[in-house]
> 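I'd like to ask you about the structure that follows.
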Amino acid sequence: MSKYLAAIVATAVSLASSILLTASRPRAFGLRLPRSVLAAVAAGAFAVAANECAGKPVMFLRWSYVRFLFGLRHMGANWQVGDGREQALADYVCAHARRNDIDDVIRAIDEFCYTKSYLINIGDEKGRILDRAVLAARPRRLLELGTYCGYSALRIARVMPADAVLYSIEFNPANAAVARRIWDHAGIGERVIVIVGTLGDDGKTLTALRDKHEFTSGSLDFAFLDHVKQEYLPDLHRILNQDWLHPGSVVVADNVKYPGAPEYRAFMHHHEGAGWHTREHRTHAEYQKVLKDLVLESIYGG
Ligand SMILES: C[S@@+](CC[C@H](N)C(=O)[O-])C[C@H]1O[C@@H](n2cnc3c(N)ncnc32)[C@H](O)[C@@H]1O
């Protein structure tokens with residue numbers, strides 16, 4: 001929704017709630033409305049309208065974030081917000097970023113997230129932690145769980161060695177298509193391969209990685225976990241069971257504090273110095289500075 005439309009809708013909601021508040025027994029559509037709820041809606045909608053008019057300085061008051069919260073149920077099932085913003089991102093990148101310029105594509109995605117629609121990419125702040133981890137590890141074969149629109153893969157591809165290949169696993173084919181379109185625009189379509197599936201899909205994806213993409217014992221240098229949080233630990237065990245890691249392999253996990261992957265964090269604490277060495281990076285959730293988050297960078301000891 002455009003800035004003006006969002007501001008007009010929010011103002012209308014705020015005014016309607018305020019008018020209802022003046023009635024002795026507020027009712028709408030045959031339902032009695034508690035005054036406290038009406039007052040909260042009026043104040044919230046007013047704050048959203050003012051925030052939109054002021055250029056969206058507060059993330060939580062942006063219409064795109066409020067719409068994202070309304071889409072959480074859809075997100076939980078499909079991993080898309082439900083208003084077409086993922087496809088809109090690909091259109092935006094193709095229209096506003098220079099072709100074959102990976103820096104400019106990353107810039108355009110961050111710009112879209114700050115000024116148009118909020119997306120659940122790793123974002124610029126945590127993205128720099130990921131950049132540094134890849135640079136330090138100098139990996140040749142990388143695995144990402146959770147492609148979404150391909151933003152973190154772009155960041156990884158920008159800093160990984162020229163002969164490295166990133167395999168990115170994505171549950172939703174529509175997200176994979178968005179990512180492919182953006183990667184092709186950035187000119188990295190050859191070095192990043194998206195595979196639709198999950199490591200828990202009864203061996204289908206694990207077999208494809210082994211048989212088609214030559215994942216062999218000790219061949220995986222770097223893994224980035226950024227998918228469904230409850231699957232971080234089970235998928236790490238699936239990777240370990242395949243024996244793909246070698247001493248010195250690095251596993252980076254996003255969102256360990258928010259929304260949170262407590263079992264994964266507990267596992268890394270428990271194995272500190274005994275199979276794993278982990279560094280916890282304190283940071284913030286994507287595209288804002290209020291919600292705190294943790295990114296874990298773990299080195300496998302074998
Ligand atoms: C937080 S987003 C990933 C963001 C992306 N890494 C980035 O920073 O640009 C999570 C993605 O994981 C995908 N996903 C969910 N469950 C999955 C699973 N079990 N395996 C692989 N991908 C999964 C979702 O469809 C969604 O696109």
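Numbering of ligands and ligand atoms starts at 1, following listing order. Worth knowing before you read on, the calculation uses all heavy atoms, side chains too, and leaves out hydrogens, waters and symmetry mates.
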> Using a plain distance cutoff, I'd like to know if D235 has any nitrogen or oxygen under 3.5 Å from a nitrogen or oxygen of ligand 1.
no
> What about G150: any of its N or O atoms under 3.5 Å from an N or O on ligand 1?
no
> Would H74 and D83 count as having a side-chain donor-acceptor pair, cut-off 3.5 Å?
no
> Heavy atom under 4.0 Å from ligand 1: found in L199's side chain, backbone, both, or neither?
neither
> Report yes or no: do Y232 and E263 form a side-chain donor-acceptor pair below 3.5 Å?
no
> Between E231 and ligand 1, is there a nitrogen or oxygen pair with a distance under 3.5 Å?
no
> Closer than 4.0 Å to some heavy atom of I120 - which atoms of ligand 1 meet that?
1 (C), 2 (S), 4 (C)
> Taking atom 4 (C) of ligand 1 as the point of reference, which of V228, I156, D226 owns the nearest heavy atom?
D226
> Flag yes if more than 12 heavy atoms outside R35 fall under 6.0 Å of its CZ atom; otherwise flag no.
yes
> Could you tell me which atoms of ligand 1, counted from 1 in the order shown, lie closer than 4.0 angstrom to a heavy atom of H227?
12 (O), 14 (N), 17 (C), 18 (C), 19 (N), 20 (N), 22 (N), 23 (C)
> Quick one: are R85 and F68 in side-chain contact, heavy atoms under 4.5 Å?
yes
> Any chance CG of D163 has more than 12 other-residue heavy atoms, nucleotides or ligands included, within less than 6.0 Å?
yes
> Any ion pair linking R265 and E280 (charged N to carboxylate O, less than 4.0 Å)?
yes
> Check each atom of ligand 1 against the heavy atoms of Y151 and keep those under 4.0 Å away; list them by number with element.
9 (O)
> Using a plain distance cutoff, I'd like to know if S152 has any nitrogen or oxygen under 3.5 Å from a nitrogen or oxygen of ligand 1.
yes
> Looking only at non-hydrogen atoms, which of F171, Y148, W79 approaches atom 22 (N) of ligand 1 most closely?
F171
